[in-house]
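These notes are about the structure you will find just below.
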Amino acid sequence: MNPTAASNGELTARAPAKSGERVDRIFHLVTAASAWLVLLLLGGVAVSMAIGGRLAFETFGWRFVTGMDWDVVGAKFGALVPIYGTLVTSAIALIIAVPVSIGIALFLTDIAPRWSRGPIAIAIELLAAVPSIIYGMWGLFILAPFMAANVEPWLTEHLGDWAIIGPLFQGPPIGIGMLTAGIVLGIMVIPFISSVARDVFSAVPPALRESAVALGSTRWEILSRVTLPYTRSAIIGAVFLGLGRALGETMAVTFVLGNAHELSASLLMPSNSIAAAIANEFTEADTELYRSSLIALGFLLFIVTFIVLTIAKLLLLRINRQLGRTS
Amino acid sequence: MAIPARRRVADVLAFAFASFATLFGLFWLAWILWTTFVQGAAALTPTLFTQMTPPPGASGGLLNAFYGSAVMILLGLLIGAPLGVAAGTYLAEHGRYSRVAAIVSFVNDILLSAPSIVIGLFVYEIVVRTQGHFSGFAGAIALAIILLPIVVRTTEEALRLVPDQMREAGFSLGLPRWRVTSRIIYKAALSAILTGILLGAARIAGETAPLLFTALNNQFWSANLNAALANVPVVIFQYAMSPYDEWHTLAWAGAFVLTIFVLGLNLLVRLLARRGMRK
């Protein structure tokens with residue numbers, strides 16, 4: 001026998017069936033158990049939040065969601081202000097991020113010179129890699145003072161008197177508030193939406209686009225009448241994915257939202273969000289009811305993001321099936 | 001036939017908007033990095049890596065925080081990465097086409113985007129409350145839970161890219177399934193799996209929210225994993241939110257090092273992965 005046969009021996013020789021089968025079963029069990037662990041974790045998070053928050057839900061009932069008081073001394077907890085702040089900042093984030101992300105996806109699939117697409121795409125994706133605490137510090141020390149000095153006075157002066165949206169832009173320009181938080185969130189979710197959008201844009205069958213070109217469409221008409229309608233469900237899925245991220249983002253928002261428990265119409269005023277309230281107050285929560293209320297907030301946040309992300313995933317699955325992809 | 005002016009203008013406007021949007025995105029990245037580098041470079045001192053976090057008004061460094069972060073990231077990797085690779089293997093290999101695998105794959109993506117602060121609360125309820133005190137160990141578990149879905153996803157994708165012919169070749173030699181997986185499939189997908197683990201490491205290095213109620217913080221040197229452990233993100237958070245200038249400076253220095261580490265690891269891994277693909 002030549003020497004190579006020896007090293008091939010273990011490949012060619014048939015392993016003893018019995019012991020091989022046993023190891024196979026163990027291997028299967030270990031991998032299956034790890035997969036089940038993922039399921040268990042998600043279930044465990046939901047259950048432990050529900051148990052931890054039970055005291056608050058039992059004590060306050062629906063008033064936990066509709067109540068506006070967050071009174072630590074009087075032991076009264078209503079989460080309307082953080083819920084409102086979470087929704088408003090996420091809405092601002094999406095208003096900024098959705099058009100920008102679609103623009104970026106369009107730029108990267110259609111406009112940019114081919115050599116520059118890779119580097120630009122990586123740069124945009126780096127926005128997602130920057131730790132959220134860095135966004136927070138930058139927001140607190142750089143963006144907030146900039147907003148207070150330049151943007152917010154202008155908004156108050158020019159939009160503050162308008163009929164319906166006026167009240168949104170009134171108040172002292174302090175920089176810390178829902179508008180600043182929404183802008184930071186918007187920047188943070190851009191990479192998540194744009195990378196999905198770019199992915200599906202480039203997966204549109206060339207025949208569709210070429211047909212549109214043959215009919216004399218301009219590039220804008222290809223986007224608005226062929227690409228976007230064709231990828232609509234995936235784009236909506238991407239938006240929900242961004243929404244899920246924005247709702248749950250903690251550190252960046254905690255820095256620039258101001259931890260205020262008063263409800264105010266103005267976007268320039270400090271507010272609170274579910275995640276920021278938990279981050280700010282949990283280690284200070286000294287009563288069982290206080291802690292339970294914060295965990296109940298975590299439960300609400302978890303359920304809402306779970307629903308939003310499930311919708312996102314379902315919409316994205318649909319386009320993948322449409323494009324004949326499996327995962 | 002010339003295109004009517006209105007359609008041409010719409011076309012130009014749309015493309016100007018797309019270019020502007022890209023500049024808009026890059027602008028924020030540049031601004032954030034510029035700020036971090038300028039402020040951070042000014043705050044760098046040799047004592048940053050040799051001294052402990054100081055009380056207000058004193059000078060000091062972040063040595064204990066760097067140490068705590070390194071330990072928790074490594075421990076998080078040790079716990080999370082093997083579990084993630086195993087679960088990813090089940091999804092792509094052993095449990096392929098099974099209903100459980102489909103559900104886990106779906107749920108994994110949700111866990112991937114789930115709010116990290118809720119993970120922190122979860123570990124607080126499960127570990128910190130049972131133990132009765134904050135600990136670096138709890139922090140590492142929280143980081144492992146953040147890491148797990150990242151590794152599961154990248155492992156599953158990496159294994160799915162391995163062509164079925166390789167599996168069939170293995171089976172036709174009479175190899176048991178586990179040998180095909182461990183000797184052939186893992187080998188083929190190794191660099192992609194490692195890429196996922198390293199990207200996951202970069203991600204958990206910057207995570208703050210899950211550490212707030214698990215590892216908490218510790219102003220002094222401590223190597224005890226069973227007690228509150230200092231770590232870079234939480235120190236940055238506490239120092240940046242404080243009213244003291246010395247603490248702000250240290251927070252910027254920490255932010256600088258953290259950003260270099262996270263972005264550097266990201267770029268390095270992407271570069272290596274790309275080179276591997278070309279091969």
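Throughout, a chain's letter reflects where its sequence line sits, starting with A, and its residues are numbered from 1.
Across A:T250, A:T283, A:L39, A:V30, the residue that shares the most heavy-atom pairs under 4.5 angstrom with chain B is A:T250. When each of A:L143, A:T305, A:L127 is checked for heavy-atom pairs under 4.5 Å with chain B, A:L127 comes out on top. With chain B as partner, the option from A:F282, A:F299, A:F306 having the largest number of non-hydrogen pairs under 4.5 angstrom is A:F282. Interface remark: of the candidates A:V308, A:I190, A:L126, A:L247, A:L126 forms the most heavy-atom pairs closer than 4.5 Å to chain B.
With ring centers used as reference points, B:F15 lies 6.0 Å or more from A:F107. Taking the six-membered ring wherever Trp is involved, the centroid distance between the rings of B:F122 and A:F302 does not fall below 6.0 Å. Aromatic rings from A:F141 and B:W252 are positioned such that their centres are separated by under 6.0 Å.
By the 4.5 Å heavy-atom criterion applied to side chains, B:T89 and A:F27 are counted as neighbours. Put simply, the side chain of A:L140 reaches to within 4.5 Å of the side chain of B:M241, judged on heavy atoms. For the pair A:W220 and B:L13, the minimum side-chain heavy-atom distance is 4.5 Å or more. For the pair A:M251 and B:I117, the minimum side-chain heavy-atom distance is 4.5 Å or more.
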Exercise for the section: For salt bridge (charged side-chain N to carboxylate O under 4.0 Å, His left out), just list the numbers for B:E125 and A:R54, CA-CA rounded to whole Å, side-chain angles, deciding distance to a tenth of an Å, and then say yes or no. Expected result: CA-CA 13 Å; B:E125 286 283 282; A:R54 219 179 77 184; over 6 Å; no
Exercise for the section: Would you check, one step at a time, whether the test salt bridge (charged side-chain N to carboxylate O under 4.0 Å, His left out) holds for B:R177 with A:D24? Expected result: CA-CA 6 Å; B:R177 177 120 224 188; A:D24 226 18; over 6 Å; no
Practice task
Carefully, step by step, assess A:F146 and B:W31 under the rule ring pair (Phe, Tyr, Trp, His ring centres under 6.0 Å).
Solution key: CA-CA 12 Å; A:F146 179 82; B:W31 192 2; 5.6 Å; yes
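Not one N or O on the side chain of B:D11 forms a donor-acceptor pair closer than 3.5 Å with the backbone of A:T218.
For A:I96, the part lying under 4.5 angstrom from a heavy atom of chain B is the side chain only. Heavy atoms closer than 4.5 Å to chain B are found nowhere in A:R25, neither backbone nor side chain. Looking at A:P99, both its backbone and its side chain come within 4.5 Å of chain B, counting heavy atoms on both sides.
Taking CG of B:N266 as the reference point, atom CD of A:E125 lies at 9.0 Å (rounded to 0.5 Å).
When each of B:V262, B:L258, B:L29 is tested with A:V130 by the rule side chain to side chain contact (heavy atoms under 4.5 Å, CB included), just one qualifies, namely B:L29.
For the pair B:R129 and A:E288, the salt-bridge criterion is met [side-chain N within less than 4.0 Å of a carboxylate O].
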